[in-house]
Undergrad: 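After the structure tokens below, expect a handful of questions from me.
Small disclaimer: the values here were computed from a predicted structure and weren't measured. FYI, side chains are in, hydrogens and waters are out, and symmetry mates aren't considered; it's all heavy atoms of this structure.
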Amino acid sequence: MKRTSLGRVECPVARALDEIGDWWSLLIIRDAFDGIRRFSEFQKSLGISKGILTARLKHLVAIDVLETAPVSEEGGYQEYVLTEKGRDLFLVTVSLRQWAESHCFGKTERHSILTEKASGKRVPRLALQGRDGKELDSSMTFVRKAVDLDDSGAPRTSRVRRAAQR
């Protein structure tokens, strides 16, 4: 069955999944955040076939999440480095990590933890904040559909409301 592209839908979550959405890509990105840069290092860390790794790395370079950089002292070798677009996925990977810590491990089951380099302490749980600085949950938000927005992304003013404003 051929995969349907979500690259033209109006939902940002669907577009992100269309671009990044397979687990190998996210694991490559995770490893890049952990300092892995070479093909052989990704392969060793992930236990992934050369063919799949090659395809995923090419895709991540093509969509500007990774870029290649020559390894100066070894001439023919290259490294894979996160771009700004790739580094912007840090909060996504941290959020996914924290969700898994809460829901995918038993209470006594061991797992890695994300810590701050400076203090050595565990990174606090991410929280979405409203404009007033208070924590938001899903019941306090809603999605404004694209049909309700003008071309700049601002809310459309209905004809009735515009007429009342005149």
Side-chain angles (χ1 to χ4, degrees), residues 3-71 77-146 153:
R3 189 178 140 206
T4 302
S5 174
L6 303 172
R8 295 284 177 224
V9 298
E10 294 174 339
C11 174
V13 174
R15 284 211 189 178
L17 289 173
D18 189 66
E19 197 152 298
I20 303 293
D22 70 84
W23 67 65
W24 289 123
S25 292
L26 282 171
L27 292 173
I28 290 167
I29 292 163
R30 175 209 61 192
D31 280 359
F33 280 120
D34 288 344
I36 292 178
R37 298 203 181 323
R38 299 231 181 141
F39 185 96
S40 60
E41 294 171 332
F42 284 114
Q43 189 178 23
K44 183 178 178 183
S45 171
L46 299 169
I48 186 175
S49 77
K50 287 182 180 182
I52 292 173
L53 180 57
T54 298
R56 295 310 186 272
L57 287 170
K58 281 183 181 179
H59 175 72
L60 292 170
V61 168
I63 64 170
D64 195 36
V65 168
L66 292 174
E67 62 186 359
T68 58
V71 179
Y77 293 98
Q78 64 183 8
E79 293 182 328
Y80 294 90
V81 181
L82 289 162
T83 62
E84 182 179 352
K85 182 177 177 181
R87 291 186 303 272
D88 280 349
L89 287 164
F90 185 65
L91 290 177
V92 174
T93 60
V94 172
S95 182
L96 193 58
R97 162 185 280 284
Q98 290 179 344
W99 176 84
E101 288 173 350
S102 296
H103 301 288
C104 299
F105 290 90
K107 290 183 187 212
T108 60
E109 195 174 359
R110 293 169 37 112
H111 59 79
S112 61
I113 60 168
L114 185 63
T115 59
E116 293 183 36
K117 283 183 180 179
S119 68
K121 294 186 179 183
R122 185 181 210 145
V123 170
R125 188 145 180 89
L126 294 177
L128 184 64
Q129 294 179 343
R131 293 190 174 272
D132 61 2
K134 293 181 181 172
E135 191 171 325
L136 296 174
D137 66 27
S138 62
S139 70
M140 302 161 84
T141 66
F142 73 98
V143 173
R144 187 168 283 154
K145 301 294 182 182

Undergrad: Counting only N and O atoms by type, is there a donor-acceptor contact under 3.5 Å from the side chain of S95 to the main-chain atoms of V92?
TA: no

Undergrad: Under a 4.5 Å cut-off applied to non-hydrogen side-chain atoms, are L26 and R30 in contact?
TA: no

Undergrad: Report yes if some heavy atom in the side chain of V71 is under 4.5 Å from a heavy atom in the side chain of R38; otherwise report no.
TA: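 A side-chain contact exists here, since the closest heavy-atom pair is under 4.5 Å.
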
Undergrad: To the nearest 0.5 Å, what is the distance between CD on E41 and CD1 on I36?
TA: 6.0 Å

Undergrad: Is the closest side-chain heavy-atom distance between I20 and I29 below 4.5 Å?
TA: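 Contact flag for I20/I29 side chains = yes.
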
Undergrad: So which heavy atom on A100 is nearest to which on F105, and how close?
TA: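 Looking at all heavy atoms of both residues, the shortest contact is O-CD1, 3.4 Å.
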
Undergrad: Any side-chain heavy atom of K50 within less than 4.5 Å of one from F39?
TA: yes

Undergrad: State plainly whether the residues E135 and R125 are in salt-bridge range, i.e. N to O under 4.0 Å.
TA: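 Here E135 does not pair with R125 in a salt bridge, since their nearest N and O are not under 4.0 Å apart.
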
Undergrad: To the nearest 0.5 Å, what is the distance between NZ (K85) and CD1 (I63)?
TA: 5.0 Å

Undergrad: Do I28 and D31 have side chains that get closer than 4.5 Å, going by heavy atoms?
TA: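 The answer is no; the side chains never approach within 4.5 Å.
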
Undergrad: Can you measure from CG (L53) to NZ (K44) and round to the nearest 0.5 angstrom?
TA: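 The NZ atom of K44 is 14.5 Å from CG of L53, to the nearest 0.5 Å.
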
Undergrad: Got a second to check how far C11's SG is from K145's NZ, nearest 0.5 Å?
TA: 7.0 Å

Undergrad: Please work out whether the ring planes of Y80 and F42 are parallel, tilted or perpendicular, with thresholds of 30° and 60°.
TA: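 Taking F42 first and then Y80, their aromatic rings stand perpendicular (interplane angle over 60°).
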
Undergrad: If you round to the nearest 0.5 Å, how far is OG1 of T141 from CG of L136?
TA: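 Going from the CG atom of L136 to the OG1 atom of T141 covers 7.0 Å.
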
Undergrad: Between E101 and R97 (salt bridge meaning N to carboxylate O under 4.0 Å), is one present in this structure?
TA: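 R97 and E101: salt-bridged.
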
Undergrad: So, taking the atom named CG in D88 and the one named OG1 in T83, what distance separates them when rounded to the nearest 0.5 Å?
TA: 8.0 Å

Undergrad: Flag the pair K58 / L66 as yes when at least one side-chain heavy-atom distance between them is below 4.5 Å, and no otherwise.
TA: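 SC-SC contact between K58 and L66 ruled out.
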
Undergrad: Do E116 and K121 come within less than 4.5 Å of each other through their side chains, counting heavy atoms only?
TA: no

Undergrad: Quick one, Q98 and L114 - any side-chain contact, counting heavy atoms below 4.5 Å?
TA: no

Undergrad: Please name the pair of heavy atoms, one in L82 and one in R87, separated by the smallest distance, quoted to 0.1 Å.
TA: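 Closest pair (atom of L82, atom of R87, distance): O-NH1, 2.9 Å.
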
